[in-house]
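Reviewing the structure listed below.
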Amino acid sequence: MTPRYVKPLLFVILAVVLLGLSVQHGFGAAWQSQYMYAFAPVPLAEQASAPAANSAKPPVVQEPNTVITPPPQTLSKRVAQYHINVTLRGDGKHLDGEQSVTWINPGKQAVSELYFHLYPNAFQSDKSTFMKESGGQLRQDKATVNSLGHMQLLTLETLNGESLLPRLHFVQPDDGNAADYTLAKLRLPEPVAPGKDVTLRMTFEVKLPEVFARMGYYGDFVMAGQWFPKLAAYETAGTRGRAAEGWNTHQYHGNSEFYSDFGIYSVQIHVPEAYTVAATGFQTKPIAVKDGLKSYQFYADDVHDFAWSASPNFVYAEDAYSDKGIPGVRIKLYLDPAHEGLKDRYMHAAKSALSSYARWYGEYPYSTLSIVVPPKGANGAGGMEYPTLITAFSAEKENPGYDLERTVVHEIGHQYWYGMVASNEFEEAWLDEGFTSYAEDKVMETAYGLEPNLRMEASYMTDPAPLKLQSWSYKNHTQYAENVYMRAKLVLVGIEKQVGKPIMQKILRTYFQKYKFKHPSTADFQRVVEQVTKEKWNDYFSQFVYGSQMADYAVEAVHVKPVEQDGKQLYESNVLIRRHGGWNGEIPVLLQFTDGTKLLKAWNSQEATMRYSELHTDPLQWVLVDPGHTNVLDNKQINNYMLAQLPEATRTRWSLGVTKIIEGLIGSLGW
C-alpha cells in the first residue's frame, strides 16, 4: 500500500528559512547540499514530457472480454479453493454472495477448527478494533457518516446440509474487544486429517461502506477488496520459524494489512448491465447479459486473495507485453474518464515496473495485470495492491505529476513482495512495504531519472521503532508508516551501501527465488544476506531491524589553540566525534584548515567517541562527518558539521538550538 506524504512541503519551507539563517552564521555549504533540492516541484513542462510507452498507443476497446485458459503448471501449495458467486445490487452498495470453500490441511496434525476473516465488519461501528485504532482515518482518507458497512453470514453448511452457524463464534485474540467481529472461529463436526480436506458452503451479504480504507462505493464506483469470508493462514512447523503448526489469527487493525494462504479462485461476478468489471485473474468465459445483469467469470490460481472493482464509467485500454522474465501479460487499464488522456503514461509506468522487477528479481508468472484508477473523491480505494490487480491514486488532478508513475510502480512492486513472496503483513509488514519502497525507488531512478533524497527521508525518522513488530504495536499510524515504509527502505539501502549494488541485487534475487510462493520471515531474509555475502550480519540486524536504532554521528566539540614548536607558530586542533545510536560501519570524517588543506579520516565507529588532534601551520576551519553521505541511517545530519572559528558558546548554542527546533517541527508533522 502507498503512504500519503504531507511532510515535504513543510520541509521545503523550513529549509528555506533555516538556509538563510545558516548561511548568515557560517553553515551555508553544508545546509545547501542537504536540503535545497529535497522536494523541488516538477515543472509542468517536465511532467508533460514524461516518457511515453512507445510511439504506438495501446488500442482502446469497449469491453475487456478476452477468454484465457488456465495454465497447467502449479506454482504454490494450494491450500484453499474458492468458488464464489457474487451480485452487486442495483443500488451499488450491497453484495449478495454465495461461496463454496475447500480447505486442505497442509500440516501433520488433525485440525478441528477453521478461522475466517470477515473484514467488512471493521466498519460496523466505531467500536471495532480497526475504527478505534484508526480513529476513522487512514492516510489522508477519513470515514464519512456513510462509511458504515458489515458482512453477515446467512448460511454456513456442510456438503450434507448440516448447519454450522451455531458453531461459529467471533474471537478477539489480539485485544479482547468484544465489539470486534472481524475474525470468527468455526468448530468443525469432525477433524480434518493431514492432507485431507473439508468443503463448506455459505451465503453472505455485504453492506459496502462509502469508500474508506481500501473498500466501498463512491457514487457508482465500487471497490470490492476484502469482501468475502476469507480463511486465515495455517502455518506449518518451520514456516517463519514456527516451532509448532497452527493458525495465524489476527483481527483487522488500524495499521495492519493482510496475510493468507495460496489457493485457487473461481469467481462469478454479476453487475448491472452498464458496469464494467476489473478483477484479479482472467476471464474464462465470454461476458453474458441477461435480465439487466452482466455476468463475468474470473479465475486465478497461485494467489492468496481476490479483489474486483466495477464502474459504468471506466475507460478501458489494454496492451499485450512481453520481455525477459515476462512470457506474456495483458496490461489492462480501467481509467477514470478524467485520466483518459494519460493512458500512455499509465502503460509506460506498468511496463517499466514489470520489466525492471522481472529482470532484477524473477519472472512475473501471471497472464494479466489490471490497473484501476478510482474517480475523484474515492482515493480511499487508491494506492492499494491485490494479486494481479492494483489501484492507482484517484483522478484528483488533471496532471498528477510523477505521483502517477510512482504509485503504479510501487503497487506493481507489491506483486513481488506481497503477492509472490507472501510476507505476513500482520507481524512483519516491513518485509513487504520496505522492500517495495526500495524497489520503487530503483525503478523511478532507472526509468524516470528521479533519485530519492535519502538524507531528507532519514530526517523524518523522529520515532524509530523495531521493524519486526506486530503492525498494531506501533504507537500510531505515523510511527508505523515511518518505520515499515521509510526506515525499512533505509535499512535495505544501508545494506546496499556496505555490499555494493550488484551484491544487493543478488541478495534480493536470491531471496525472491528461494521464497516465492512461500511465507518467509525476517530471519529467513537475514540468512539469505549472510549466505550471499558470506558474512555475519547479527550486529546490523539486531540494531536496525530487531532494534530501534538509527546511526547518528555528531561533531561534539572543536578546540583550536596556538602553540609554538621549534620557534614556529602552529595550531593544535582537537575534535571530538560522538556516535549516538547504532554502529554502521566505517564513517569518514573530513577536517579542513584555513589554508585549504583537507584531511580525511576513517573511523570504524564501533567506539562511542573518537578524538582527533592535529598540529598544523594554520587553524582548523571546519569539521564534517560523512561528507559523502554514505550513512543513510543518520537521521540528524544537522550535527554532522561544525565551524571552528565560532566561539564555543555560539557553536554549542547553534548546534543544540537548531537541532531542537528541527526535531520539534519534525515531531509535529504527520503522514
Side-chain angles (χ1 to χ4, degrees), residues 63-65 67-70 78 80-103 114 116-121 149-165 168 184 186 197-208 215-217 222-231 260 263-301 303-312 368 370 386-389:
E63 181 80 19
N65 200 16
V67 173
I68 298 177
T69 302
R78 298 171 177 177
Q81 296 182 15
Y82 293 87
H83 295 267
I84 311 177
N85 194 319
V86 62
T87 300
L88 174 67
R89 292 186 198 169
D91 65 0
K93 301 177 183 179
H94 291 82
L95 305 178
D96 295 315
E98 57 184 29
Q99 75 175 22
S100 169
V101 57
T102 299
W103 181 75
L114 300 182
F116 286 92
H117 293 290
L118 309 180
Y119 287 117
N121 285 337
H150 66 264
M151 170 182 283
Q152 183 177 358
L153 290 183
L154 304 176
T155 63
L156 175 57
E157 299 176 342
T158 66
L159 291 179
N160 295 326
E162 178 186 356
S163 176
L164 301 182
L165 273 180
L168 188 77
L186 175 66
D197 61 68
V198 60
T199 299
L200 303 176
R201 292 173 178 166
M202 58 188 71
T203 59
F204 61 95
E205 68 172 16
V206 176
K207 164 63 176 69
L208 296 170
M215 71 170 296
Y217 71 89
V222 170
M223 183 66 229
Q226 310 306 325
W227 57 278
F228 61 96
K230 185 164 66 170
L231 282 164
S260 26
I264 295 173
Y265 291 82
S266 178
V267 183
Q268 288 187 12
I269 303 173
H270 311 280
V271 294
E273 188 174 350
Y275 280 68
T276 296
V277 171
T280 292
F282 49 84
Q283 288 177 229
T284 57
K285 294 180 180 179
I287 297 169
V289 179
K290 183 179 180 181
D291 299 330
L293 285 180
K294 186 184 293 182
S295 298
Y296 295 78
Q297 176 69 57
F298 287 96
Y299 175 89
D301 52 26
V303 297
H304 48 76
D305 200 0
F306 188 99
W308 58 279
S309 181
S311 171
T368 60
S370 297
Y386 306 94
T388 77
L389 183 148

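All residue numbers in this chain count up from 1 along the given sequence.
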May I have the step-by-step check of side chain to side chain contact (heavy atoms under 4.5 Å, CB included) for Ile287 and Lys294, ending in yes or no? CA-CA 7 Å; Ile287 297 169; Lys294 186 184 293 182; 3.2 Å; yes

Identify the two heavy atoms, one from Val67 and one from Pro286, that lie closest to each other, and give their separation to 0.1 Å. CG2-N, 3.6 Å

Side chains of Asn85 and Gln99 in contact at under 4.5 Å (non-hydrogen atoms): no

With a 4.5 Å limit on heavy-atom distance, are the side chains of Gln268 and Val86 in contact? no

Can you confirm whether the side chains of Gln297 and Ser266 place a donor and an acceptor under 3.5 Å from each other? yes

Would Lys290 and Glu273 satisfy salt bridge (charged side-chain N to carboxylate O under 4.0 Å, His left out), going step by step from the backbone distance to the final call? CA-CA 8 Å; Lys290 183 179 180 181; Glu273 188 174 350; over 6 Å; no

Say you draw a straight line from CE of Met202 to CD1 of Ile84; how long is it, rounded to the nearest 0.5 Å? 9.5 Å

Only counting residues at least two apart or in another chain, list the ones meeting side-chain hydrogen bond (donor to acceptor under 3.5 Å, both in side chains) with Thr158. none

Distance col, row Leu231:CG vs Gln81:CD, nearest 0.5 angstrom, shows 11.5 Å

List the steps and the verdict of side chain to side chain contact (heavy atoms under 4.5 Å, CB included) for Thr87 and Val271. CA-CA 6 Å; Thr87 300; Val271 294; over 6 Å; no

Applying ring-ring contact (aromatic ring centres under 6.0 Å, His included), can you list everything that pairs with Tyr217, at least two apart in sequence or on another chain? none

When you compare the side chains of Asn121 and Tyr119, does any donor N or O come within less than 3.5 Å of an acceptor on the partner? no

Is Thr284 reaching over with its side chain to a backbone N or O of Phe298, donor-acceptor style, under 3.5 angstrom? no

Output yes when a side-chain donor or acceptor of Thr203 lies under 3.5 Å from a complementary backbone atom of Thr155, and no otherwise. yes

Would you check if the side chain of Trp227 reaches a backbone N or O of Phe306 as a donor-acceptor pair within less than 3.5 Å? yes

If you take all heavy atoms of Pro272 and Gly90, which pair is closest and at what distance? CG-CA, 4.3 Å

Thr388 side chain vs Thr280 backbone, donor-acceptor pair below 3.5 Å: no

Nearest 0.5 Å, please: how far is NZ in Lys230 from NE2 in His304? 8.5 Å

Can you name the residues that form a ring-ring contact (aromatic ring centres under 6.0 Å, His included) with Phe228, not counting sequence neighbours? Tyr82, Tyr265

Distance-minimising heavy-atom pair for Thr199 and Ser100: CG2-OG, 3.4 Å

Verify whether one side chain among Asp96 and His270 offers a donor that lies under 3.5 Å from an acceptor in the other. no

Just verifying a value: how many Å separate His94 NE2 and Leu208 CG, rounded to the nearest 0.5 Å? 8.0 Å

Is it true that Asp305 and Gln226 share a donor-acceptor pair across their side chains at a distance under 3.5 Å? yes

Would you say NZ of Lys93 has more than 12 non-hydrogen atoms from neighbouring residues, nucleotides or ligands within 6.0 angstrom? no

Can you tell me how far the CG atom of Leu168 sits from the CG atom of Leu186, to the nearest 0.5 Å? 6.0 Å

Mind checking the NE2-NZ spacing from His150 to Lys207? Nearest 0.5 Å is all I need. 8.0 Å

List in chain and number order the residues that pass ring-ring contact (aromatic ring centres under 6.0 Å, His included) with Phe204, two or more places apart in sequence or in another chain; answer none if no residue qualifies. none

Which heavy atom of Pro229 sits nearest to which heavy atom of Leu153, and what is that distance? CG-CD2, 3.6 Å

For Ala300 and Gly281, the nearest pair of non-hydrogen atoms, with its separation, is CB-CA, 3.8 Å

I'd like to know if the side chain of Ser309 reaches the main chain of Ala278, judged simply by a donor and an acceptor atom lying under 3.5 Å from each other, with no hydrogens or angles considered. no

Looking at every non-hydrogen atom in both residues, tell me the closest pair between Tyr275 and Pro312 and how far apart they are. CE2-CD, 3.6 Å

Partner residues of Ser370 under the side-chain contact (heavy atoms from CB on, under 4.5 Å) criterion, sequence neighbours left out: Lys332, Tyr334, Leu389

Contacts of type side-chain hydrogen bond (donor to acceptor under 3.5 Å, both in side chains), residue His83, not counting sequence neighbours: none

Could you check Leu200 against Leu114 for side chain to side chain contact (heavy atoms under 4.5 Å, CB included), going step by step and ending with a plain yes or no? CA-CA 11 Å; Leu200 303 176; Leu114 300 182; 3.8 Å; yes

